[in-house]
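The first residue of the sequence shown is numbered 1, and numbering continues consecutively from there.
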Amino acid sequence: MIDNSIKHIQNALKELDDAVQKILLDWSIPLNEKDNLMLPILQQKRVLDQTLEDLIYLKEHPPTPNQPCGISKYRED
């Protein structure tokens, strides 16, 4: 289950990277508009990056049965 989720998140991150590259390479878009277009994409990417890190951590450090996973202790923020 975790492996499948990791794969889907990695695919979503690649799609977001592709969307950012498409915006960056489009010379018809003014710079300030590029910022406005990329901001929500980069916010989504940040959330997915953190989710991916959390899933990888849980995969490598599975919680014991009937115990909280403790992921909040792992996070730096």
What is the distance from atom [atom1] of [X] to atom [atom2] of [Y], rounded to the nearest 0.5 Å?
X	Y	atom1	atom2	result
Ile9	Asn4	CD1	CG	10.5 Å
His8	Gln10	NE2	CD	11.0 Å
His61	Ile56	NE2	CD1	12.0 Å

For residues 4-15, which residue pairs pass the salt bridge (charged side-chain N to carboxylate O under 4.0 Å, His left out) check, not counting sequence neighbours?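 Pairs touching residues 4-15 that pass the test: Lys14-Asp18.
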
Contact summary for Leu55 and Ile2, nearest pair of heavy atoms: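 Minimum heavy-atom contact is O-CG2, 3.8 Å.
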
Residues forming a side-chain contact (heavy atoms from CB on, under 4.5 Å) with Pro30, sequence neighbours excluded: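 Applying side-chain contact (heavy atoms from CB on, under 4.5 Å) to Pro30 gives Asn32, Glu33.
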
Residues two or more places apart in sequence or in another chain: which of them pass side-chain contact (heavy atoms from CB on, under 4.5 Å) with Lys34?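 For Lys34, the residues satisfying side-chain contact (heavy atoms from CB on, under 4.5 Å) (neighbours in sequence not counted) are Ile23, Ile29, Leu31.
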
Run the side chain to side chain donor-acceptor pair (under 3.5 Å) check on Gln21 and Asp17 step by step: do they pass? CA-CA 6 Å; Gln21 285 301 311; Asp17 284 340; over 6 Å; no

